[in-house]
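Working notes, beginning with the structure itself.
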Protein chains: 2
Amino acid sequence: MVKDTSTEQRIIEAARRVFMQKGMAGARMQEIADEAGINKALLHYYFRSKEKLFEHIFGEVIARISMGLKSIFEKEMGVLERLTSIVDIYVDTLMENRYLPLFVLNEMNQNPERFSSLLQENIIEHMKKLFIEIRQEAESGQIRETNPAHLLLNILGLIIFPFATYPVMQKVAPEEFRPFFNNFLEERKHEVKQFIINALTP
Amino acid sequence: MVKDTSTEQRIIEAARRVFMQKGMAGARMQEIADEAGINKALLHYYFRSKEKLFEHIFGEVIARISMGLKSIFEKEMGVLERLTSIVDIYVDTLMENRYLPLFVLNEMNQNPERFSSLLQENIIEHMKKLFIEIRQEAESGQIRETNPAHLLLNILGLIIFPFATYPVMQKVAPEEFRPFFNNFLEERKHEVKQFIINALTP
DNA sequence: GTCTATAAGTAGATAGAC
DNA sequence: GTCTATCTACTTATAGAC
């Protein structure tokens with residue numbers, strides 16, 4: 001609870017923390033108010049309802065994810081470079097916010113229509129193009145023959161899964177593993193990129 | 001709502017479905033009662049409280065996971081075989097229950113003490129032994145040099161992540177992808193095992 | 001064991017003073 | 001804008017009849 005930012009900003013940050021950790025169903029307006037150092041009435045004054053406040057937070061998160069994807073897809077580059085830059089961008093994002101993967105997966109699961117916001121920004125089109133690029137480079141022998149869907153899910157799984165489990169791991173890991181954890185997630189970058197290279201180098 | 005099983009059994013099955021999809025916080029006793037074809041009062045008659053009912057369901061799930069791990073770790077076998085049998089066991093389990101990964105990750109996240117039940121059955125000991133086995137086989141040149149922690153997380157991510165995203169994917173995938181999905185998860189078995197082999201064959 | 005009715009507690013939302 | 005007090009609705013849990 002820092003007092004030198006605007007109330008609205010403090011509410012948003014508090015809401016982000018609480019929603020991310022507890023999810024929409026588990027979050028309590030009272031807890032968000034406490035986190036922000038105000039009372040419940042003010043939450044409603046600024047955001048009218050819990051639902052509206054949640055949509056604001058979720059929207060922000062989705063926007064951030066889309067932005068990352070967009071920046072990757074807009075540039076001209078080869079498949080290998082494109083895929084490895086996904087790793088760089090998302091590992092960095094996730095290191096700053098380790099609750100993000102589970103939060104997003106959950107809330108989309110509870111309410112699949114929310115997924116559509118991600119599918120805006122013609123992500124689907126980008127994906128189709130990526131798949132085509134993969135097949136083309138495979139034909140021309142620049143990369144190895146691969147099922148693009150599996151490849152993409154592999155990469156996403158390798159990036160995201162450790163972060164999805166991290167909050168649990170970190171809390172329950174025996175004391176002697178703690179120091180090891182600090183570098184572990186950072187190492188993932190190299191680890192996953194190596195996977196991509198191994199998978200695609202002919 | 002099938003009437004030819006015992007009430008307790010119907011409650012358990014209904015609770016499993018609802019808790020798995022909505023989580024502890026999002027589940028409603030009323031919905032569980034409806035699913036089971038009874039009323040709320042009976043839920044309390046059989047399980048006293050929502051918390052108790054939840055613990056029953058969660059306990060079952062953890063027991064199932066532990067059993068799988070146990071069966072893998074108890075047999076004598078080489079590292080490669082041990083790791084690939086993890087794939088076989090868990091892909092099959094997850095195909096039957098696609099909500100399981102997110103459910104378990106979430107509930108552990110909400111309440112990390114729940115993780116301890118998994119750590120019983122000396123899973124930790126088994127892990128340590130596995131790590132030692134990996135290092136030994138690497139030294140003797142049977143498998144390639146690898147960081148065991150990364151390897152294990154890689155495997156788990158490759159197995160689990162697609163299932164964690166599946167409920168969402170399946171709901172939002174454009175119509176033309178649907179038929180493709182049916183075999184997709186089954187194909188993961190081969191896909192992930194190939195990854196392990198590539199990663200470990202010298 | 002199973003139901004209906006209801007109590008008790010909790011959480012989101014609003015009214016109104018300052 | 002911010003607060004306290006309160007309302008309303010929902011959810012878990014129990015009482016008590018059958």
When the distance from NZ of A/Lys52 to C1' of C/dA13 is rounded to whole Å, what number comes out? 12 Å

Compare the minimum distances between each of D/dC3, C/dG12, D/dT12 and the side chain of A/Lys50, then state the nucleotide with the smallest one. C/dG12

Contact under 4.0 Å: B/Thr7 side-chain N or O vs C/dT2 OP1/OP2: yes

Examine C/dA13: is either OP1 or OP2 under 4.0 Å from a nitrogen or oxygen in the side chain of A/His44? Give yes or no. yes

Would you call A/Lys22-A/Glu31 a salt bridge at under 4.0 Å N-O? yes

Closest listed nucleotide, where the reference is the side chain of A/Ala41 and the choices are C/dC3, C/dA13, D/dT4: D/dT4

D/dC3 C1' sits how many Å from A/Ile11 CD1, rounded? 13 Å

May I ask you to verify if any side-chain N or O of B/Tyr45 is less than 4.0 angstrom from the OP1 or OP2 atom of C/dC3? no

N/O (side chain, B/Arg28) to phosphate O (OP1/OP2, D/dT12) under 4.0 Å: yes

Between B/Lys75 and B/Glu81, does at least one N-O distance fall below 4.0 Å, as a salt bridge requires? no

What is the distance from CD of A/Glu8 to C1' of D/dT2, rounded to the nearest Å? 15 Å

With a 4.0 Å cut-off on heavy atoms, is B/Ala25 in touch with a base, just the backbone sugar-phosphate, or nothing at all? nothing

Please report the distance, rounded to the nearest Å, between CZ in B/Arg10 and C1' in C/dG1. 12 Å

Between the side chains of B/Asn198 and B/Arg144, does any donor sit under 3.5 Å from an acceptor? no

Starting from P on D/dT11, measure out to CZ on B/Arg48 and report it in whole angstrom. 22 Å

Counting only side-chain heavy atoms from C-beta out, which of C/dA13, D/dG1, D/dA13 sits nearest to A/Ser49? C/dA13

When the distance from CD1 of A/Ile38 to P of D/dG1 is rounded to whole Å, what number comes out? 12 Å

What integer distance in Å separates B/Phe47:CZ from D/dT14:C1'? 18 Å

Go through the side-chain N and O atoms of B/Asn106 and A/Asn106 and say whether any donor and acceptor fall under 3.5 Å apart. yes

Check the phosphate of D/dT2 against A/Asn39, side-chain N and O only, distance under 4.0 Å to OP1 or OP2. Yes or no? no

Stacked cation flag A/Arg114 on A/Phe58, 6.0 angstrom / 45 deg: yes

What is the separation between atom CG on B/Leu43 and atom P on C/dT2, rounded to the nearest whole Å? 11 Å

